[in-house]
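Because the structure is predicted, anything quoted here is derived from the model rather than measured.
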Amino acid sequence: MVIRLTQFKVSANDTDELKEIYSREVVPEVKKQQGNINAMLLEPLDGSGEFVSLTTWENKADAEGYESSGKYRELVAKLNGIFDGKPVLKSYNT
């Protein structure tokens, strides 16, 4: 199994918009991708605005296929006006 974490910061004014777009547009699209197990948004308890998008994949090939398809970049683009800085993507094996 592969976990992909995209870390990013948003201002307090944009938190509600971020959560709305993520749940309405990002999650359904990610869940349609081959090998996707789950997609969720992690909201910081400390109010720092440092969010994490967590996606879980059956295997490395599926995670890489999602990346190479351009779908990841397309979904990140939906949130570009909300980010405070550039998002950082990291992938992990379980």
Side-chain angles (χ1 to χ4, degrees):
M1 191 166 20
V2 172
I3 306 291
R4 290 170 44 102
L5 303 175
T6 302
Q7 301 169 315
F8 53 90
K9 188 166 184 167
V10 299
S11 71
N13 295 339
D14 294 327
T15 298
D16 289 339
E17 183 180 6
L18 166 71
K19 292 191 293 188
E20 171 64 25
I21 292 170
Y22 192 90
S23 66
R24 186 185 67 231
E25 299 184 39
V26 175
V27 171
E29 283 300 314
V30 172
K31 288 187 173 185
K32 290 179 189 176
Q33 304 307 304
Q34 179 176 330
N36 179 261
I37 297 169
N38 198 8
M40 65 178 72
L41 182 64
L42 306 179
E43 182 176 0
L45 293 174
D46 63 4
S48 65
E50 296 172 354
F51 285 79
V52 176
S53 171
L54 182 150
T55 58
T56 310
W57 302 88
E58 294 279 342
N59 53 56
K60 184 178 177 184
D62 289 336
E64 288 176 348
Y66 167 64
E67 175 76 25
S68 66
S69 74
K71 184 56 76 173
Y72 172 76
R73 285 182 299 283
E74 176 187 320
L75 294 174
V76 167
K78 291 180 179 283
L79 300 167
N80 272 341
I82 298 172
F83 295 140
D84 185 9
K86 186 174 180 170
V88 176
L89 171 65
K90 295 184 180 182
S91 297
Y92 301 88
N93 284 316
T94 60

**OP:** Write down the atom of S69, the atom of Y66, and the distance for their closest heavy-atom approach.
**Re:** OG-O, 2.8 Å

**OP:** First locate atom OG of S11, then atom CD of E17, and finally report the distance between them rounded to the nearest 0.5 Å.
**Re:** 9.5 Å

**OP:** Please examine the side chains of V10 and D84, heavy atoms only from C-beta on, and report whether any two atoms are closer than 4.5 Å.
**Re:** no

**OP:** Considering non-hydrogen atoms only, spot the tightest contact between M1 and T56 and give its length.
**Re:** SD-CG2, 3.1 Å

**OP:** Establish, yes or no, whether the cationic atom of R4 lies under 6.0 Å from the six-membered ring centre of Y72 and within 45° of the ring axis.
**Re:** yes

Original post:
If every non-hydrogen atom of I21 is compared with every non-hydrogen atom of K78, which pair is closest and at what distance?
Top reply: CD1-O, 4.3 Å

**OP:** Report the distance from atom CD of E67 to atom OG1 of T55, rounding to the nearest 0.5 Å.
**Re:** 10.0 Å

Original post:
What heavy-atom pair brings S53 and Y22 nearest, and what distance separates the two atoms?
Top reply: OG-OH, 2.8 Å

Original post:
If only atom types and distance count, is the side chain of N59 paired as donor or acceptor with the main-chain N or O of D62 below 3.5 Å?
Top reply: yes

Subject >> Q33 side chain to E29 backbone, donor-acceptor under 3.5 Å >> reply: yes

**OP:** Specify the closest pair of heavy atoms between W57 and Q34, including all atoms of both residues, with the distance to one decimal.
**Re:** CZ3-O, 3.5 Å

Subject >> Non-hydrogen side-chain atoms of L5 and Y92 separated by less than 4.5 Å >> reply: yes

Subject >> Distance (rounded to the nearest 0.5 Å) between T6 OG1 and L79 CG >> reply: 10.0 Å

Subject >> NZ on K71 to NZ on K32, rounded to 0.5 Å >> reply: 7.0 Å

Original post:
Is the closest side-chain heavy-atom distance between I3 and T94 below 4.5 Å?
Top reply: yes

**OP:** Would you mind reporting whether E58 and V2 have side-chain heavy atoms less than 4.5 Å apart?
**Re:** no

**OP:** Considering non-hydrogen atoms only, spot the tightest contact between K31 and N36 and give its length.
**Re:** CA-OD1, 3.5 Å

**OP:** Find the distance between OG (S91) and NZ (K60) and round it off to the nearest 0.5 Å.
**Re:** 9.0 Å

**OP:** Quick one: pull up CG in L18 and CZ in F51 and give me the separation to the nearest 0.5 Å.
**Re:** 5.0 Å

Subject >> side-chain hydrogen bond (donor to acceptor under 3.5 Å, both in side chains) between D46 and S48, intermediate numbers included >> reply: CA-CA 5 Å; D46 63 4; S48 65; 2.9 Å; yes

Subject >> Transitive ILVMFWY side-chain link L41 to V52, under 4.5 Å >> reply: no

Original post:
Do F8 and V76 touch side chain to side chain, with heavy atoms closer than 4.5 Å?
Top reply: no

